Engineer: 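Have a look at the structure that comes next, please.
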Amino acid sequence: MSVYNINAICYRTVHDRDFRAALKADPQRAIADYDLTPEERQALLDGQVGALAKMGAHTFLLGHLARYGLLGLTDELYSERMRAILSKA
Amino acid sequence: MAEIVCTVGVPHTPHYPSLVEREGPQCEVARLYRAVREHLEAVAPEVIVIFDSDHLNTFFFNNWPTFAVGTAPKIIAPNDDNSALPKRTLRGHEELGAQIYRDGIGSGFDLSLSQDFSVDHSVLVPLHFLTPSMDVPIVPVFINGLAPPLPAAKRCFALGEAVRTAIERWPAHLRVAVVASGSFSLEVAGPRIAPGKRSGIPDMEWTKRVVQRLARAEIDDLLEETTADQMAKAGNVGGEILNWIAMLGVLGRRKPVFVEQQTNEGHAYGVWRWD
């Protein structure tokens, strides 16, 4: 069920400008009220999009995090981490 | 009785409006959209039915339809901010949408219904190029092309046939065009993107094969080949081909006026007319 919440956080970055700004300013606080496992929460805060994809988050939605430069992600970092799932698999 | 005057298929790449702005009317993207638009203008549709896959913007996993019909007089677009297009209100053809919904249910398709919704770039980008004044009312028919399990290709073809029947049962004279929006092979933000990029094309061979099947009207082969595995192999939005397949269901097994793959892209532009 908490993969749903990872997806919901990504969705909200597109559709809720205030949430997007909050996630940029203070990620830990912005996602504090979401029910996530400790692993999911840490992966999210670390911008570990490859790990989140492996947990079942929708990759199209994860892309929003890089598009808005959230959680320390750039296009380069995002693609490196996302592409790594295939080489490690 | 309503008449289906034309069906077309196009991509909806979010940055194409700004690309064409930058590169001018002679660039390939501008030329291909224009070729489609000229056919559409020649048949002067009064309504556009558009098969579209929402990109988790109109709908989300709290309520995710496999098939849905949108019937509303006013439709806000875009609801995502990933194209350079300004927000506007599109006209919806509520009554034809209601007929497609009702008749679709009647013919065995358990369609979802939305009477209050917005749409993302996957509807707005095609309209931007095909009906720039956006004065033709639309009926969006949404097909899940992004979140597996996707509906089967044959089921989507049959949905197209049901939509055709519903349109043809419209009692008054009405000229209807059908638009399919989407790619055949595309990965957006998934593991098969190009290094440092936001997208990639995992299966160019598949794209070429689809274009060839469309050109030759080898529809049964295409339906056999468009499996869940093949769509997944074609990318995380590879299911957008289902919009084209539903469009084929509307027009039957006809050959296109033209279908052309864009250079080095996993998508194509096509037009079917029989007037």
Side-chain angles (χ1 to χ4, degrees), chain A residues 1-21 23-24 34-36 43-44 47-71 73-89, chain B residues 12-15 53-64 76-84 87 117-122 144-150 182-183 185-203 231-240:
Chain A
M1 184 60 193
S2 45
V3 168
Y4 175 85
N5 285 327
I6 298 172
N7 285 332
I9 288 166
C10 296
Y11 168 89
R12 217 175 145 195
T13 63
V14 180
H15 299 278
D16 181 344
R17 207 172 284 242
D18 293 341
F19 176 72
R20 191 196 310 162
L23 192 59
K24 186 126 193 165
Y34 279 93
D35 183 12
L36 299 167
L44 198 55
Q48 291 298 341
V49 287
L52 293 166
K54 279 197 195 164
M55 291 171 189
H58 197 290
T59 49
F60 183 92
L61 288 170
L62 289 171
H64 299 319
L65 302 174
R67 190 151 66 86
Y68 294 119
L70 299 166
L71 305 165
L73 291 164
T74 59
D75 285 341
E76 288 70 25
L77 208 48
Y78 183 95
S79 81
E80 188 187 310
R81 289 174 182 172
M82 191 54 84
R83 285 166 52 84
I85 1 180
L86 291 185
S87 46
K88 281 178 199 161
Chain B
H12 53 239
T13 314
H15 70 266
S53 293
D54 168 49
H55 293 54
L56 292 144
N57 290 307
T58 299
F59 305 104
F60 185 62
F61 294 130
N62 58 342
N63 202 341
W64 182 251
I76 303 284
N79 56 14
D80 54 343
D81 58 353
N82 78 23
S83 65
K87 198 165 269 202
F117 62 99
S118 54
V119 292
D120 68 21
H121 69 275
S122 61
N144 173 17
L146 265 82
L150 307 178
S183 291
S185 176
L186 182 63
E187 176 98 342
V188 181
R192 292 165 294 174
I193 54 178
K197 304 284 184 193
R198 292 174 184 175
S199 64
I201 301 154
D203 201 343
M231 288 188 280
K233 196 170 155 242
N236 64 354
V237 300
E240 287 176 355

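Given the structure is predicted, the values throughout are model-derived calculations rather than measurements. In what follows, chains are A, B, ... by sequence order, proteins preceding strands, each numbered from 1.
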Engineer: At a 4.5 Å cut-off on heavy atoms, which part of A/Arg67 comes close to chain B: side chain, backbone, both, or neither?
Structural biologist: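 Its backbone and side chain both get close to chain B.
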Engineer: Hey, which of A/Leu77, A/Leu65, A/Thr59, A/Leu62 has the most heavy atom pairs under 4.5 Å with chain B?
Structural biologist: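 Most heavy-atom pairs under 4.5 Å with chain B: A/Thr59.
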Engineer: At a heavy-atom distance under 4.5 Å, which candidate from B/Val188, B/Asn79, B/Val237 has the highest pair count against chain A?
Structural biologist: B/Val188
Engineer: Give the minimum heavy-atom separation between A/Tyr78 and B/Ala189, together with the two atoms involved.
Structural biologist: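 Answer, listing the atom of A/Tyr78 first, then B/Ala189: OH-O, 2.6 Å.
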Engineer: How about B/Asn57 and A/His15: does a side-chain donor come under 3.5 Å of a side-chain acceptor?
Structural biologist: yes
Engineer: Testing the basics here: between B/Arg192 and A/Leu86, what is the closest heavy-atom pair and its distance to 0.1 Å?
Structural biologist: CG-CD1, 3.4 Å
Engineer: Do the side chain of A/Ser79 and the main chain of B/Pro195 share a donor and acceptor less than 3.5 angstrom apart?
Structural biologist: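 Pair absent, no side-chain N/O of A/Ser79 close to backbone of B/Pro195.
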Engineer: Could you tell me whether a side-chain N or O of A/His58 sits under 3.5 Å from a main-chain N or O of B/Leu146, the two making a donor and an acceptor?
Structural biologist: yes
Engineer: According to side chain to side chain donor-acceptor pair (under 3.5 Å), who are the partners of B/Arg198, at least two apart in sequence or on a separate chain?
Structural biologist: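 Here the qualifying residues are A/Asp75.
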Engineer: How about B/Phe60 and A/Leu61: do any of their side-chain heavy atoms sit closer than 4.5 Å?
Structural biologist: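 B/Phe60 reaches A/Leu61 side chain to side chain.
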Engineer: Is there a side-chain contact between B/Pro191 and A/Met82 in this structure, where contact means two heavy atoms from C-beta onward sitting under 4.5 Å apart?
Structural biologist: yes
Engineer: Could you tell me the separation between the CG atom of B/Leu56 and the CG atom of A/Asn7, rounded to the nearest 0.5 Å?
Structural biologist: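 Between atom CG of B/Leu56 and atom CG of A/Asn7 there are 7.5 Å.
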